Amino acid sequence: MDQVSSLPALRVNPFRDRICRVFSHDDAFSFEDVRGTASVFSEQACPSLKIEYAFRIYDFNENGFIDEEDLRIILQLLDRDDASEDLLTDLSSHVLNESDLDNDNMLSFSESEHAMARSPDFMN
């Protein structure tokens, strides 16, 4: 795990720990795990594969949804300026308002897939 998380591409990634957890088995990487990780992050990877793994990475509490708790963690990891709690709450609410199609205050895989597919920045 330490060797993989110290790779240049992961070392500076704010989602490094979560990526390692999603792609490893029992906190250890096999050759196939490393190959799978590289495959998903490849420019040639199928968009649906990228979306599937992004959902798994963003589902920090592993409840099968991206909920407000997950969104707050994501926003904290992405924010380098230590945003206020109010701003994090507002941003989480905005994401849910834009993407939560069934208004259950969390994003299912299909709702996340729909939102990510609409975002050109995500695929890059």
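These numbers come from a predicted model, not from an experiment. Values below: every heavy atom of this structure, side chains too, minus hydrogens, waters and symmetry copies.
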Atom pair CG (L96) and CG (N103), whose distance is rounded to the nearest 0.5 Å: 10.0 Å
N/O donor-acceptor pair under 3.5 Å between K50 side chain and E43 backbone: no
Nearest heavy-atom neighbours spanning P14 and L78: CG-CD2, 4.4 Å
I74 reachable from I51 in the ILVMFWY side-chain graph, under 4.5 Å edges: yes
Ring-ring centroid check Y53 F41, cutoff 6.0 Å: no
Euclidean distance, N13 CG relative to I19 CD1, rounded to 0.5 Å: 4.0 Å
For R56 against V22, the heavy-atom pair lying closest together: NH2-O, 3.5 Å
Heavy-atom pair with the smallest gap, counting every atom of L107 and S112: CB-OG, 3.4 Å
Min side-chain heavy-atom separation V4-S24 under 4.5 Å: no
Nearest non-hydrogen partners of L101 and E111, listed with the distance: N-OE2, 2.9 Å
D70 (side chain) donor-acceptor with N61 (main chain) under 3.5 angstrom: yes
Rounded distance [0.5 Å steps], CE in M1 versus CG in D17: 8.5 Å
Straight-line distance of H114 NE2 to E98 CD, nearest 0.5 Å: 11.5 Å
Interatomic distance, Y58 atom OH to I73 atom CD1 [nearest 0.5 angstrom]: 13.5 Å
Donor-acceptor contact present, side-chain D26 to main-chain A28, <3.5 Å: no
Partners meeting ring pair (Phe, Tyr, Trp, His ring centres under 6.0 Å) with F29 (sequence neighbours left out): none
Heavy-atom donor-acceptor pair, D100 side chain to N105 backbone, under 3.5 Å: yes
Minimal non-hydrogen separation, C20 against S5, with atom names: SG-CB, 3.7 Å
Verdict with reasoning, S93 to D90, per side chain to side chain donor-acceptor pair (under 3.5 Å): CA-CA 5 Å; S93 295; D90 289 346; 5.6 Å; no
Partner residues of R35 under the salt bridge (charged side-chain N to carboxylate O under 4.0 Å, His left out) criterion, sequence neighbours left out: none
Contact check, side chains of R18 and F60, non-hydrogen atoms, under 4.5 Å: yes
Which atom of F65 lies closest to which atom of S108, heavy atoms considered: CD2-CA, 3.7 Å
Over 12 foreign heavy atoms within 6.0 Å of CD, Q3: no
Donor-acceptor contact below 3.5 Å, side chain R21 vs main chain I57: no
OG on S99 to NE2 on H94, rounded to 0.5 Å: 8.0 Å
Under 3.5 Å donor-acceptor, R16 side chain and S6 backbone: no
